[in-house]
Amino acid sequence: MLAATNPEALQREKQKKRVGLKDLPNAQQGKVVLRFAPNPNGPLTLGHARGVSINSEYAKMYHGKVVLRFDDTDSKVKPPMPAAYDWIESDYEWLTGAKADIIIRASDRIPLYLDHAEQMLTGGFGYVCRCSAAAFKQLRDGKEACPCRPRSVEDNLIDWESMKEGNIAEGEAVVRVKTEMDLPNPALRDWPALRIQHSTHPMVGNRFKVWPLLDFQSAIEDHLQGVTHIIRGKDLMDSTRKQTILYSHFGWTYPETLYWGRVKVYEFGGFSTSGMRAEIENGVYSGWDDARLPTLRALRRRGFDATALRAFWIDLGLTQKDISVSLQTIEAFNAKEIDANCERRAFVRNPVSLELRTEMDESNPMDMISVPKHPDGKIEGARIWNLASQRILIEKQDAEIETIRLKDYADISNINGRATVQSWDRSDRRPIVHWIPENMARQAELSIPNGMKLHSVKGMIEDFELNIGQIIQLERVGFAKIESLADDLPVKLIWLHN
RNA sequence: GCUCGUGUGGUGUAGUUCGGUCCAUCAUGUCGCCCUCUCGAGGCGACGACCCGGGUUCAAAUCCCGGCACGAGCACCA
């Protein structure tokens, strides 16, 4: 019966998960222009990485471009940080493997915005408003137009010139975009486009007295750059609506707009750049690359891989849900990415020294052994261990077990600090432990970020071809990166993940 | 309060446009087993979800109505 009504239902296939990002609406190959527009008030964080990853991935899918735009039009509330421009450019490059196609700073382009503001005034779809913010809000909430609204273009232009000259004090005037005053959403009614700021901008000084607000600057610049698709947080949905009104005043077509929800990573909480900045200044954190911070610089320092990070964000995709993810998931992506490139080394925490009694005989005269750099042979070569000293180190915990197998070497019994070889081959199912010959061991300190704290684990590391910056997998411990190798000091390791 | 948005296993995601191929995908997680050599690795397996209530229909995760929950915006910040 089913066969008659719906033949295909008989041979149902398991469905597949779509891989990669959804198609962009109304996108043409080679013509897509996207943008990533951070505020340069610090380096990029894990949260920004979502924007960078998704925008650059779409650009790749459609052979389009990404505009990296610094939205630095406020020098009072969120003053830009001069060093952050370069940081962000290099963070972007690290993450995507290439520089952004176009890089611009809003603060370099103020005349363009002022010019459009003037067009708006001349065109009669904007006006200079001299009401106080509070007074305007009250009128707006009552759907009433403010007294400045019906003034003539000429009067507006006169005030506009005074604003630009610096003859009107901050807060005394603002340029508004005309909308319907009875719009259901009060946030949209005659929204402010430019305001007066007499403070000094760190990049361009005090050349300009009038500065555009984000909604205006961003709208004009998107048009100037030919942006076809905007991907932004859903907290900016009202921006889209405001800007759409402005676009129709100018006779432009608004770009396709997509949104994402808020992301929280359990281990880090939110990502407030200004919050981190304050904590760094207070000495709570050592710097932007402090291992406890969710900045890209900190993650990079710990050994997170850019490809893995991108893969993680692309897998999450673009949804409007507010989500909480675990760092563990990111770590799983990272482990998959780096495992094949990480050599293995032994790191013995809380080392206990044992005397190794081998009773060398014909069958096993070796005092040199070789252990693979990677268990699957994904990395060529071996680590050569010299057993001349006849003393070995194992972890205290492992020393409490009487019969163990020294990984890649021998089954032993451990009685009163004496390790006696029982068999070279694996003879039973005793636990396998990692170990190192004492003469191959070097002091090391592993630093493990754990929430707000930074734990330190001391131990001895296998001293075989260690290099600064190298990410290794400590056998039975996890991934770590070598931070420093000073001659007389313990090797410094920074923890990555399991 | 007003405006807007979102609800699929512990977490994240696919599927929702055009109802049947979905007793619902994949990843992560948890648990278990295996391992001729990392028991915090690797292999295998199991667990676990369509917010609720109605309606339309032969058939609803998918369409309609009504609830509920959560989130965001309502700055002369970005």
Side-chain angles (χ1 to χ4, degrees), chain A residues 1-2 5-19 22 37-41 70-80 106 129 131-134 136-137 140-141 170-176 183-189 191-197 210-211 213-215 217-218 233-241 259 261-263 266 273-274 311-312 315-317 319-326 328-333 335-336 339 344 346 371-372 375-376 405-411 425-426 429-434 473-479 497-498:
Chain A
M1 207 185 72
L2 186 59
T5 54
N6 188 11
E8 301 118 71
L10 288 177
Q11 2 149 322
R12 54 170 63 133
E13 283 165 31
K14 275 293 173 196
Q15 91 171 60
K16 288 274 188 324
K17 175 174 172 161
R18 193 205 69 237
V19 286
K22 281 190 183 100
N39 176 336
N41 62 349
F70 294 102
D71 279 349
D72 55 350
T73 57
D74 176 70
S75 48
K76 284 191 100 157
V77 185
K78 288 188 177 168
C129 171
C131 302
S132 71
F136 184 84
K137 181 177 161 50
R140 184 194 68 182
D141 290 346
E170 292 186 9
E172 300 284 296
V174 65
V175 175
R176 296 190 179 281
L183 253 22
N185 186 346
L188 312 185
R189 296 175 198 151
W191 55 273
L194 302 98
R195 79 333 202 161
I196 298 169
Q197 281 201 340
V210 179
W211 286 82
L213 269 331
L214 173 79
D215 289 323
Q217 176 271 129
S218 168
K234 65 175 184 178
D235 52 315
L236 260 26
M237 279 182 166
D238 284 350
S239 285
T240 301
R241 298 179 185 110
Y259 306 92
R262 221 178 151 65
V263 182
Y266 289 125
T273 305
S274 48
F312 166 76
D315 185 69
L316 283 202
T319 66
Q320 291 191 30
K321 280 202 278 187
D322 296 316
I323 55 174
S324 288
V325 295
S326 167
Q328 280 188 103
T329 308
I330 303 177
E331 292 172 349
F333 272 85
K336 201 170 294 170
D339 180 80
R344 312 290 131 131
V371 195
D376 309 333
R405 175 159 182 88
L406 301 178
K407 185 177 178 304
D408 295 311
Y409 189 57
D411 288 355
D425 294 321
R426 185 147 168 73
R429 297 182 54 187
R430 64 184 69 192
I432 297 166
V433 309
H434 64 295
Q473 192 196 95
L474 305 172
E475 287 175 340
R476 291 217 298 152
V477 178
F479 293 94
H497 50 70
N498 292 332

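Remember, it's a predicted structure, so these values are computed and weren't measured experimentally. So you know, we letter chains A, B, ... as the sequences are listed, proteins then strands, and number each from 1.
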- Note on the structure: In Watson-Crick or G-U wobble terms, with both distances under 3.5 Å, the base opposite A61(B) is none

- N498(A) (side chain) and G40(B) (base): donor-acceptor pair under 3.5 Å: yes

- Minimum-distance nucleotide to R140(A) side chain [options: G29(B), G5(B), A75(B)]: A75(B)

- Message: Between Q320(A) (side chain only) and K234(A) (backbone N and O only), is there a donor and an acceptor less than 3.5 Å apart?
- Response: no

- Query: What nucleic acid atoms does Y266(A) come within less than 4.0 Å of, heavy atoms only: base, sugar-phosphate, or nothing?
  - Reply: sugar-phosphate

- Query: If you look at every strand shown and take non-hydrogen atoms under 4.0 Å, does G478(A) touch a base, only sugar-phosphate, or nothing?
  - Reply: nothing

- Separation between the C1' atoms of C70(B) and U17(B), rounded to whole Å: 25 Å

- Query: To the side chain of S132(A), which of U6(B), C76(B), A14(B) is closest?
  - Reply: C76(B)

- Separation of C39(B) atom C1' from R430(A) atom CZ, nearest Å, is 16 Å

- If you look at every strand shown and take non-hydrogen atoms under 4.0 Å, does A133(A) touch a base, only sugar-phosphate, or nothing? base

- Paired nucleotide for A24(B) [Watson-Crick or G-U wobble; both distances under 3.5 Å]: none

- Remember a base hit wins even if backbone is also touched, and classify S239(A) as base, sugar-phosphate or nothing at under 4.0 Å, heavy atoms. nothing

- Proximity to the side chain of D322(A) - top-ranked nucleotide from G71(B), G29(B), G73(B): G71(B)

- Task: Verify the distance criterion only: is there a donor paired with an acceptor across the side chains of E331(A) and N498(A) at less than 3.5 Å?
- Result: no

- Query: Distance-only, no hydrogens or angles: does the R476(A) side chain make a donor-acceptor pair with backbone N or O of V433(A) under 3.5 Å?
  - Reply: no

- Which base sits across from A75(B) as a Watson-Crick or G-U pair, both distances under 3.5 Å? none

- Item | Nearest listed nucleotide, side chain of P192(A), among U3(B), G12(B), A75(B) | A75(B)

- Taking the side chain as C-beta and beyond, is there a heavy-atom pair between L213(A) and W191(A) under 4.5 Å? no

- Message: Distance criterion of 3.5 Å, no angle test: do you see the side chain of R426(A) paired donor-to-acceptor with the base of C37(B)?
- Response: no

- Message: I want to confirm an ordering. Mapping M237(A) and P431(A) to their closest nucleotides on RNA chain B, which one lands closer to the 5' end?
- Response: M237(A)

- Message: Side chain of D238(A) only, heavy atoms from C-beta on: which candidate in G73(B), A14(B), A78(B) is closest?
- Response: G73(B)

- D215(A) CG to C76(B) P, straight-line distance once rounded to whole Å: 11 Å

- Separation of U11(B) atom P from F312(A) atom CZ, nearest Å, is 15 Å

- Which whole number of Å gives the distance between the P atom of A61(B) and that of G54(B)? 14 Å

- Write down the partner of G5(B) under the Watson-Crick or G-U wobble criteria, each distance required to be under 3.5 Å. C70(B)

- Item | Heavy-atom side-chain proximity of P80(A) to F70(A) below 4.5 angstrom | no

- Query: Can you tell me if R189(A) uses its side chain to pair, donor with acceptor, with the backbone of R140(A) under 3.5 Å?
  - Reply: yes

- Item | Atom P, compared across C33(B) and A49(B): separation rounded to whole Å | 24 Å

- Query: Roughly, in whole Å, what's the span from CZ in R189(A) to C1' in C2(B)?
  - Reply: 8 Å

- Closest non-hydrogen atoms of D339(A) and F479(A), given as atom of the first, atom of the second and distance, are OD1-CZ, 3.7 Å

- Query: Once you round it to whole Å, what is the distance between C1' of A41(B) and CG of D408(A)?
  - Reply: 13 Å

- Task: Go through the steps for V174(A) and F136(A) under the test side chain to side chain contact (heavy atoms under 4.5 Å, CB included), then give the verdict.
- Result: CA-CA 11 Å; V174(A) 65; F136(A) 184 84; over 6 Å; no

- Out of G71(B), U8(B), A75(B), whichever nucleotide has its closest atom nearest the side chain of K321(A): U8(B)

- Relative to the 5' end of RNA chain B, which residue comes earlier, R241(A) or R405(A), by the nucleotide with the nearest heavy atom? R241(A)

- Query: Taking the side chain of L213(A) as heavy atoms from C-beta outward, which of U13(B), A78(B), C39(B) is closest to it?
  - Reply: A78(B)

- Note on the structure: From the candidates A78(B), C37(B), C74(B), the one with an atom nearest any side-chain atom of K78(A) is A78(B)

- Scanning all shown strands, the Watson-Crick or wobble mate of C47(B) with both distances under 3.5 Å is G29(B)

- Query: Quick one: is G12(B) close enough that its OP1 or OP2 comes under 4.0 Å of any side-chain N or O from S324(A)?
  - Reply: no

- Could you please name the partner base of C35(B), counting Watson-Crick and G-U wobble pairs only when both distances are under 3.5 Å? none

- Counting side-chain heavy atoms from C-beta on, which of C37(B), A14(B), C2(B) comes nearest to T319(A)? A14(B)

- Message: Using a 4.0 Å heavy-atom cut-off, does K137(A) contact any base of the nucleic acid, only the sugar-phosphate backbone, or nothing at all?
- Response: sugar-phosphate

- Message: When the P atoms of C2(B) and G67(B) are compared, how many Å lie between them, rounded to an integer?
- Response: 14 Å

- Task: Rounded to the nearest angstrom, tell me the gap between atom CG in L214(A) and atom C1' in G73(B).
- Result: 14 Å

- Query: Taking any strand in view, what nucleotide pairs with G19(B) in a Watson-Crick or G-U wobble way, both distances under 3.5 Å?
  - Reply: none

- Using a cut-off of 4.0 Å on non-hydrogen atoms, how would the nucleic acid contact of Q473(A) be classed: base, sugar-phosphate, or nothing? base

- So does K407(A) reach the base of C37(B) with its side chain, donor to acceptor, closer than 3.5 Å? no

- Query: If you measure from the C1' atom in U21(B) to the same atom in G73(B), how many Å do you get, rounded?
  - Reply: 42 Å

- Separation of the P atoms in G71(B) and C39(B), to the nearest angstrom: 43 Å

- Message: If I pick the P atom on C52(B) and the same atom on C37(B), what distance separates them, to the nearest angstrom?
- Response: 49 Å

- With sugar-phosphate meaning primed atoms plus P, OP1 and OP2, does S218(A) contact a base, only sugar-phosphate, or nothing at under 4.0 Å between heavy atoms? nothing

- Query: Quick one: does D215(A)'s side chain have a donor or acceptor within less than 3.5 Å of a partner on S239(A)'s backbone?
  - Reply: no

- Item | Euclidean distance for C1', A27(B) against C63(B) (whole angstrom) | 31 Å

- Out of G12(B), A78(B), A75(B), which nucleotide sits closest to the side chain of L236(A)? A78(B)

